[in-house]
Amino acid sequence: MMSAHFRKAQAVRLLLLAIAALVASGCNPSNAQGGPGGPPPVSVAPVVQRALQSSEDFSARIEAQATVELRSRVAGTVDRVHFKDGQRVAKGALLFTIDPKPFAAEAERAQAQLASTRTAAELAKAELARAEKLLPMQAVSVQEVDQLRAAERNAQAAERSARAALNTAQLSLGYTRITAPVAGRISRADITPGNLVGVGEPVLSTIVASDTVQVWFDASESSFLKISQAMRAGGAAPTVAVGLSNEDGYPHTGTVDFV
């Protein structure tokens, strides 16, 4: 009887151990993450909100923003050429010299003419002042005073005309020095020393500004409508990235000027 009781107690003990093992296995976190019969593991990532910009590629051509044709503003003989073909020139650099001797002589003549008219104007002013002092004493007639006043005004007008002629002569003398209106790369000299040039003809050379360039490209209709609508809405001008054929990527940046 004791042996049967012992075997029954052992059976109850083994049953309790089995139940405890099953409970422990069901509560194990590792089994809940993908054990037999559980949900499969998944990957998660945080949600990020940001603006995305669309981009398109176009073939473009690069042009200088400023191209200047050099022309003479006075007629004369080309005296010297002060640059080498194809070199870079700074703004204000001397490029051509037109023979200045005739223009210097004209400036001297105008200077002398101005001095003569200034002397005549001073004399007319002095004569008018003396006549006006004698007028109360009736030493001169009113008609004579009026004539002196007219002469004094004519002398002043002649002086102003002579001064304008001198300014014109000095401008023409200055135009014999043809300088670079912009900085950039100059082409070859189309006129060599000794040739006679007229006012505006022919073209002496050409300067292409190289500090700023413009990029022109033909866009599709959808791109045109999208960019035009954005610019009309008052938004920021679309940006562009430009790369040359021998460069990696698009290292140069700019903005859309107009469409």
Side-chain angles (χ1 to χ4, degrees), residues 43 45-74 76-98 174-259:
S43 300
V47 177
V48 178
Q49 182 177 359
R50 62 181 180 181
L52 296 179
Q53 295 182 349
S54 61
S55 62
E56 295 184 62
D57 293 338
F58 300 100
S59 296
R61 62 186 183 275
I62 298 177
E63 296 181 0
Q65 190 173 17
T67 301
V68 180
E69 293 182 344
L70 298 176
R71 302 174 184 267
S72 177
R73 303 180 72 173
V74 293
T77 304
V78 177
D79 191 26
R80 290 187 61 188
V81 177
H82 301 273
F83 65 91
K84 294 181 180 180
D85 295 346
Q87 79 174 64
R88 290 184 179 274
V89 294
K91 183 178 181 180
L94 180 61
L95 303 177
F96 293 91
T97 299
I98 307 297
Y175 291 153
T176 61
R177 294 170 52 87
I178 301 176
T179 59
V182 295
R185 188 178 295 277
I186 192 169
S187 180
R188 68 183 182 90
D190 295 328
I191 298 297
T192 55
N195 285 283
L196 184 66
V197 296
V199 178
E201 294 294 339
V203 177
L204 305 180
S205 188
T206 304
I207 298 179
V208 176
S210 56
D211 54 347
T212 304
V213 296
Q214 291 179 331
V215 179
W216 300 83
F217 60 93
D218 296 327
S220 61
E221 180 183 358
S222 59
S223 299
F224 166 76
L225 296 175
K226 181 171 58 178
I227 296 174
S228 301
Q229 183 179 3
M231 296 182 71
R232 286 196 302 268
T239 59
V240 295
V242 182
L244 303 180
S245 59
N246 62 343
E247 295 175 336
D248 294 332
Y250 304 91
H252 312 284
T253 58
T255 56
V256 176
D257 189 8
F258 70 95
V259 179

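A distance of 8.0 Å separates CG in Leu95 from CD1 in Ile178, rounded to the nearest 0.5 Å. Between Leu94 atom CG and Thr179 atom OG1 the span is 7.5 Å, to the nearest 0.5 Å. Atom-to-atom distance recorded for Leu70:CG and Ile191:CD1 is 12.0 Å, nearest 0.5 angstrom. The distance from the OG atom of Ser72 to the OH atom of Tyr175 is 11.0 Å, given to the nearest 0.5 Å. If you take CD on Glu221 and NZ on Lys226, they are separated by 13.0 Å, rounding to the nearest 0.5 Å. Rounding to the nearest 0.5 Å places NE2 of His82 at 9.0 Å from CZ of Phe96.
Counting heavy atoms of neighbouring residues, nucleotides and ligands inside a 6.0 Å radius, atom CG of Asp248 does not exceed 12 of them. Environment of CD in Glu56: crowded, with over 12 heavy atoms of neighbouring residues, nucleotides or ligands closer than 6.0 Å. Environment of CZ in Arg185: crowded, with over 12 heavy atoms of neighbouring residues, nucleotides or ligands closer than 6.0 Å.
Pairing each heavy atom of Phe83 with each of Ser187, the nearest pair is CE1-O, 3.5 Å. Looking at every heavy atom in both residues, Ile186 comes nearest to Ile207 through CG1-CG1, 3.8 Å. Closest non-hydrogen pair, Ala180 versus Val89, comes out as CB-CG2, 4.2 Å. Heavy-atom minimum distance, Glu69 versus Val203: OE1-CG2, 3.9 Å. Residues Ile98 and Val197 approach most closely at CD1-CG2, 3.9 Å, considering heavy atoms. Across Val215 and Ile62, no two heavy atoms sit closer than the pair CG2-CG1, 4.1 Å.
The shortest distance between side-chain heavy atoms of Thr192 and Val81 does not fall below 4.5 Å.
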Would Thr67 and Thr206 satisfy side-chain contact (heavy atoms from CB on, under 4.5 Å), going step by step from the backbone distance to the final call?
CA-CA 7 Å; Thr67 301; Thr206 304; 3.6 Å; yes

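Ser205 places a side-chain N or O within donor-acceptor distance of the main-chain N or O of Arg188, the cut-off being under 3.5 Å. One N or O on the side chain of Glu247 and one on the backbone of Leu244 form a donor-acceptor pair closer than 3.5 Å.
Applying the ring pair (Phe, Tyr, Trp, His ring centres under 6.0 Å) test to residues at least two apart or on different chains, the pairs with a partner in residues 226-259 are Trp216-Phe258.
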